[in-house]
Amino acid sequence: MLDINYIIENKEHVKELLKRKMYEADIDGLVKNVEEKRKLQKITEDNKAEQNKLSKSVPQAKKEGGDVNAIFAKVKALSAENKENEEKLKVLESQINEILYALPNLPDEDLLEGGKENNKPIYYYKDKPEFSFKIKNHVELAESLGLIDYDRAAKVSGHGTWFYTNLGARLEWALLNFFINEHINDGFEFMMPPHILNYESGFTAGQFPKFEGDVFELKGMDPAKFLLPTAETALVNYYRNEILDGSELPKKFFAYSPCYRKEAGSYRTEERGMIRGYQFNKVEMFEYTKEDESDAAFEELLRKAKSLVEKLGLHYRVSKLAAADCSHSMARTYDIEVYLPSIGIYKEVSSVSNARSYQARRGMMRYRGADGKLHYMHTLNGSGLATSRVFPAILEQFQQEDGSVIVPEVLRPYMGGISVIKPIKK
RNA sequence: GGAGAAAUACUCAAGUGGUUGAAGAGGAUGGUCUUGAAAACCAUUAGUAGGUGCAAGCCUAGCGCGAGUUCGAAUCUCGCUUUCUCCGCCA
């Protein structure tokens, strides 16, 4: 959520930044409504103050045998007068919130305007792998190596899902454990969040009200809950409605969870297999920082995410996202994209973002600074990493002519020392 | 899933319709005394959100959350959430 006073004081600048994010909103109408609301609020509150004063005088009047009924009548009249204003206030408020709650975060000043087409690769690791033989895509590899069973998952669940089988499950588990240990070594605190979240959690994250359709709702629960689309949604709510002491920050967390998303509906060739499913595994890093320390934290998360891909030995690039391609709640996002040789494109394995105070405002998460005043925390998140993109990249980038796949060295301790995954004979 | 009880400030806790935004105790902070500490005594201690004002301040909201009754609600009514106890089921 944006600071309404900041919007009022910097109306034109806010409009300009929203334009860079390709977001259209009636800012003038919003400001006008807020001003009108404040005027009406003053009148209503003054009226209430008068009512309170009169009501408080009742016991005294009773003692002195004064005309209590006259006071009752007066208060009642004032109260009736206010009723109309209160209705109007409610309407104004809901009009304001409808716009305010849906506004995205403002992009950082240095971001390029516009969408995906303006994303800018700023770093490459290793060269594109070259193959002297006809390569297979990750779906073919996963099946011939007996790592993934899509067909039986379709029977058991439906499309957009899969079983990890045998060495596939072990490879997946190895990846997750490798990531987890790296984060523990870096001093991050391991969390395992609930997967079932309430509406307020979705609101704080910025998921609601704008993107309710993207999550799986559990309508059987009252009130309805939803399945977390990323561990970020749980972690960003950990300190909701809390005030921490500045000395407690930064808080560095990471969590493992499956991520449940509805978006897997439409398939494109490049999203076959496990590139986009209803459920995938992810280890997520999350930091709460003081407001002047989030830039350093952002660099830290980016560095950590990069190091994971590098230790696996995968060719990848880092893209600095243009304003409109950053997530709704984020002021800046860098994507780490791993190369998939079969389709010749880079796919996101990590998204590192700084939400600045946007989420903290939505969830009222503050800290008391050294100055004794309250400040909004800054929140940051970064995947570290999503396995459903790393897994295919490993298969494709490390495939051999005989159809086998070399296991990255760092994963071998987690896989009982297995260094090569060989095709299974039919 | 069923039945019951509870939720008040940093903590415990009093409070069943009226100057109660809240007694009391503990804790914390400051002070007196002391070489220092302890003890004793004294004082302070709701943070917050919103509005208004140059400011000091003032106003509104706020006793789990949300509605309602009333001139007036911590107190009465309804819905919800969470916690505890018991039963059922179960890893």
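Naming: A, B, ... by sequence-line order, numbering from 1 per chain.
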If we take the P atom in both B:C78 and B:G15, what is their distance in whole Å?
22 Å
Can you tell me which residue among A:N281, A:L385, A:I184 is in a side chain to side chain contact (heavy atoms under 4.5 Å, CB included) with A:F179?
A:L385
Less than 3.5 Å between a donor and an acceptor, one on the side chain of A:K56 and one on the base of B:G72, is that the case here?
no
Would you mind classifying the nucleic acid contact of A:L374 as base, sugar-phosphate or nothing, using non-hydrogen atoms under 4.0 angstrom?
sugar-phosphate
Taking only the P atom of each, what is the distance from B:C84 to B:A25 in whole angstrom?
31 Å
Without decimals, in angstroms, what is the distance between A:E45 CD and B:A61 P?
8 Å
Tell me what A:K74 touches on the nucleic acid: a base, only sugar-phosphate, or nothing, going by heavy atoms under 4.0 Å.
nothing
Side-chain N or O of A:K76 closer than 4.0 Å to phosphate OP1/OP2 of B:C71
yes
What's the gap between B:C65 and B:U81 when it is taken at their C1' atoms, as a whole Å value?
7 Å
A:L89 CG to B:G51 P, straight-line distance once rounded to whole Å:
12 Å
Between atom CG in A:N82 and atom C1' in B:C71, what is the gap in whole Å?
14 Å
Provide the Watson-Crick or G-U wobble partner of B:A67, both distances under 3.5 Å; none if there is no partner.
B:U77
Roughly how many Å is it from CD in A:E86 to P in B:U60, rounded to a whole number?
13 Å
Any strand, both distances under 3.5 Å, Watson-Crick or G-U wobble: B:G88 pairs with none
d(CG, A:N47; P, B:C58) in whole Å
21 Å
Mind checking if A:N52 touches a base, just sugar-phosphate, or nothing, with heavy atoms under 4.0 Å?
sugar-phosphate
When rounded to whole Å, the CG to C1' distance for the pair A:N241 and B:G64 reads 12 Å
Thinking salt bridges, do A:D214 and A:K262 make one under a 4.0 Å N-O criterion?
no
Between A:K83 and A:E87, does any NZ, NE, NH1 or NH2 come within less than 4.0 Å of an OD or OE carboxylate oxygen?
no
